[in-house]
J.: 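One structure coming up, written as structure tokens, with questions to follow.
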Amino acid sequence: MERWDRIKDLFLRCQDVAPDARSAWLAEACADDPTLRNDVESLLRAQAKPAPIFSSDGNGLLGNLIEDEQNPADCAGIRIGVYRLLRLLGEGGMGQVFLAERDDGDFSQRVALKRIRADFANSEARLRFLREREILARLVDPHIAQLHDGGLADDGTPYFTLEYVEGEPITRYCDARKLDVRARLALMLQACSAVAYAHRNLVVHRDLKPSNILVTEDGLVKLLDFGIAKLLEPGPGAAGLTGTQAMVMTREYAAPEQILGEAITTATDVYALGVLTYELLTGRLPYPKAEIGQASFAKAIVEYPPEPLSLALRRTREVDRQDRLSDEAVAAARAATPQSLRRTLRGDLERVVSHALEKSPEARQPSVGAFADDLRAVLEGRPIVGGTAGYRMRKFVRRHWLPLAAAAVVLVVVLVGAGAIAFEARERAREAERALRETKTTAAVKDFLLGLFAGADPRANAGKQVSLRELLDKGAEHIDKDLSAQPSLQADLKATLGGIYSRLGLYPQAIKLDEEAIAGLDAAGGQEKLAAITELELATAVRSSGDSTRAKALLDQTIARFDAMPSPPEINVVRAFYLRTFVDINARRYEDGLADANRAEKVARAHPDEPALLGDALHAKASVHWGLHDYKSAEGELKEAIEHHLAAGPTSGMSVGATRQTLALIYAETGRHAEALALNEQVLANAQSVMGERHPYVAQIMVAIANDLSPLGRYDEAEKKLRQALATQRDLLGPDSTYLAETQDALGEVLVHERRYDEAEQAFATARDIWMKRFGAASPYVTGVRSELAWIAMLRGKSRDAEKELRQVLADRDAAHEADVATDQARLGEAQRLSGELDAALASDRAALDIATRIHGAASLERALAERYLGCALADAARLDDAETDLREAIAYYDGLVGTGDHPLAASTRLALGDVLARAGKRNEAIATVERAAQQRERLFGASGARTKEAHALLSDLRAGKTPSAAMVAMTDP
Amino acid sequence: MAPEADITELLNAAQSGDSDAQATAYALVYDELKRCARRQKAFAPGSSLSPTALVSELYLRLSGHRTDRIRNRSHFFALAARAMRQIIVDHARRRTSAKRGGVAEHTDVATLDLATATAEQAIELDAALTTLAGRDADLAQLVEWHFFAGLTFEEIADELGRHERTVRRDWELARACLQQSMSAAITS
């Protein structure tokens, strides 16, 4: 090959020529054959761009490819930090991931532990590792594998621990369960929310793919592996790492800009999510040529247009890889046939995905949120944002064309006003939809109204709810004016509209419409069923607006109507009894309540095809038992109810949450605060994924969680949650909402525990004002606040004032609210002690102890409180042995709440105990006890916290042989 | 007979033109190198495997303390280099085919894909090297010896009876050719 020899020769001689002189030299040498010059120059260019593979000269190449033969026995049992390794989960050239367990003994918490290999602890790999840790520390989200902690192993290599996620890659999860397109999109939405959250925290993932997106058994999506994620703001070492990014991302899911080495932005993640969606929907990747090996992925991603979604399934296809599934198999895995799947994938879905797969980042959806909105629009049959107004109109009309002339009039109104309908929350739309489906109205009416909701955008700002109001009001107006000639249709529409108003919480309008509807139906005659159902709606609205008496009367009537029917509609029957049960509970007519709940249960059990009915009935029954303090029965019924609601499917999602919440309340009531917390956190995660962060229901759950955190002594966490809830509630519910009052009340309590008395008083005052306005000064809520304020007064040292007020509170408490009496009584006792009235104090404390034990049980916060105060009183009365007993019991209770952790009240009580022991002459024991308390306080409040200093002061007094003053001991924490 | 003895016999036989012996020798060298690699890994997990070390180790074991047992070192190196290349490519293929739909646990994506990216490149390199061999067999052999068997330029120069500087420059050319082939694969 002479030509080749010439090229070779020229190249080799060129090596001796200075680089900038080479061009000229070559021109001369190749004067006779210019193409030769091109060949040599292209080789010279190639020489100047070393491929990464040559950087190591073969060394290490092998090491990267051959897996370590890790003997499982080798790593099991090795300790790193406080963790013990169980087994290797996976590894790469630079590090390993193990399944590990905390070695503390008490916490059997399994984590994933990531470690860098000792010989790779060079600067770049280490930087990358620490970068991942830094990124993960910012991200706290139910959909992201949570960072726990980290540190240095014995050999100095860094490690960190993550939530261990047991799940399958999203693609496998969907295929194994044969999930249809809707279900798959729903899972994608979870993934999108995680990515959007990361973006809000300025983190781009850069490596989204199925193996990084796991789904757990109960359908929770978890994002893993921010190993090459990028922080969008400069940080230490930021510059150093980007150079190697070209090597490390997965080709198939890479965006064009990643292949080309251009700037990475959030749009890069949008692209990856597009590819993922494509794969979830079709089982294929968007570039068929690359898939079958005709082109490299890099080339395809950069140059070829993606194949449209619906064409991904074709009748014939080149199949040259055994793992390629046939079209039938792909469709079956999506619970469809190839034809139906193709149909589903055409149209909007195709548009959304190809929008995300645009080569140019700016051409894609502007954010993951926008992409998610598009997916949601497809899920709910709404026009996507990209469409034109004309397109939107046509689609609406096509789906909701109504044959009835009258309804057509209303429909026109709807269409005209359909510009920007907004909703407060998606769940309400669903509920309204469900209400509509349950209601037996004519198909025309139903269609019209379903169309109302289908056209609405659920991801609204709450403020825009007004436009929906306007729409509904206009609709109501027209029904009144234009349909007077068709009374039964008019009544029908009114009833349905009333139900919608009710679901939206607009009770006055709902009530008015329902009343008119019933009047109309009864007048028209022959509409017994609809009348009864409407009356049930009316009763619901009336009850929700606070008028229990009228609600009861209406329910009695409704149930009578149902009883008189040959075949009453079961769903509504159960609902009627369910509602009446709660009305009974509120009025404390427990036997009636139980009777109603039993009837509901009976009907529900006769309809196993509607498990939600039985779930509701059991929930009602459990509530009765709860009112009767029969917690055991209530617990069993709630657990069963949850199962039935879960069986009822996703429409029952809200009920599952509500039932779980009730169960959590029972756990809290019986002192199982940690379990209650776990349950409520589950409820919160589910609610947030459905409704987003800002929703009154979500706020409510946060308050419930705060109420679980507080007894466990985690006051600052509780405060954080309460403030979050407050922010939402203030914005969405207005300043007079009773929910707001409850949150303020809870906040006040937490602030007292944190000794921030001024702020606490403010919070309580706010709550009291709301309750006063709503319920009057005599209501038990207001009485409760008085008790709290008296308590604060006592803590501030005004014990006589407190005593006076507490006496009054006790007198004002009626028998119906005796649950709170134990706490009031205990506080009274303490106030008396602080005022020096020792005999009275002892009497009050003993009474408190009795009441607490009777009402709340032997293991309860209230009893522990009474014991603490009683112990202090006994100490003052020089009955040191008895005092010691009571204080120790209280300590044992608090310790038991938190396992190996520290409860602030345990620490406080230990201080009191220390004093008692010192006075009893057991000096060493006293010192040991106070020492422990000081350590606990240090862990809880930091070394420089005021309370820690108090404890240390007491400790040094004891060590110095001084008997602490009475004032010191009087400092009992709330 | 111990495998080392087998190989030596076979190598010596192959040297005299016995092609069956050649093939068998190759197979045995291949197996032995893999075994060496695994042993090294097991003993020092995380250590980077050096082909040089592996090949040297094997050579030592084959030749024992008597340096004249293998009559033709070049022959051995040629086989070992080829075997090494094959081992690497085999592993690379396995890794690239396994990575889709593979284990989805907490493996560090960066490290896993460092290996995967390397694997892809190894395969590309292999293809490029085959192309180069068709153009210039000597250069291809140089690549095998230097890159896959890990011989230094000095050792290669010794073996071939040439100047080290010449060998170095040849390597530059070989590398340029390979890089040209590999990037053409993306853009062609």
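Lettering follows sequence order; numbering is per chain, from 1. Hydrogens, waters and symmetry mates are skipped; everything else that's a heavy atom, side chains included, is used.
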J.: If you round to the nearest 0.5 Å, how far is CD of B/Glu172 from CG of A/Leu44?
T.: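 It comes to 10.5 Å.
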
J.: In terms of heavy-atom proximity below 4.5 Å to chain A, should B/Arg165 be classed as side chain, backbone, both, or neither?
T.: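 Just its side chain gets close to chain A.
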
J.: Write down the atom of B/Asp136, the atom of A/Lys8, and the distance for their closest heavy-atom approach.
T.: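 Reported closest heavy-atom pair: OD2-NZ, 2.6 Å.
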
J.: Which distance, rounded to the nearest 0.5 Å, do you find between the CZ of A/Arg45 and the CD of B/Gln179?
T.: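 So the gap between those two atoms works out to 13.5 Å.
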
J.: Using non-hydrogen atoms only, which part of A/Lys49 is less than 4.5 Å away from chain B: side chain, backbone, both, or neither?
T.: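 Interface part for A/Lys49: backbone (N, CA, C, O).
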
J.: Please confirm whether the backbone N or O of A/Ala46 pairs with a side-chain atom of B/Gln180, one donor and one acceptor, at under 3.5 Å?
T.: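 Answer holds: no.
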
J.: For residues A/Trp4 and B/Leu139, report the shortest heavy-atom separation together with the two atoms involved.
T.: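 Closest pair (atom of A/Trp4, atom of B/Leu139, distance): CZ2-CD1, 3.8 Å.
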
J.: Evaluate whether atom CD of B/Glu164 has more than 12 neighbouring non-hydrogen atoms of other residues, nucleotides or ligands under 6.0 angstrom away.
T.: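 Yes, enclosed.
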
J.: Are side-chain heavy atoms of A/Asp16 and B/Arg169 found at a separation under 4.5 Å?
T.: yes

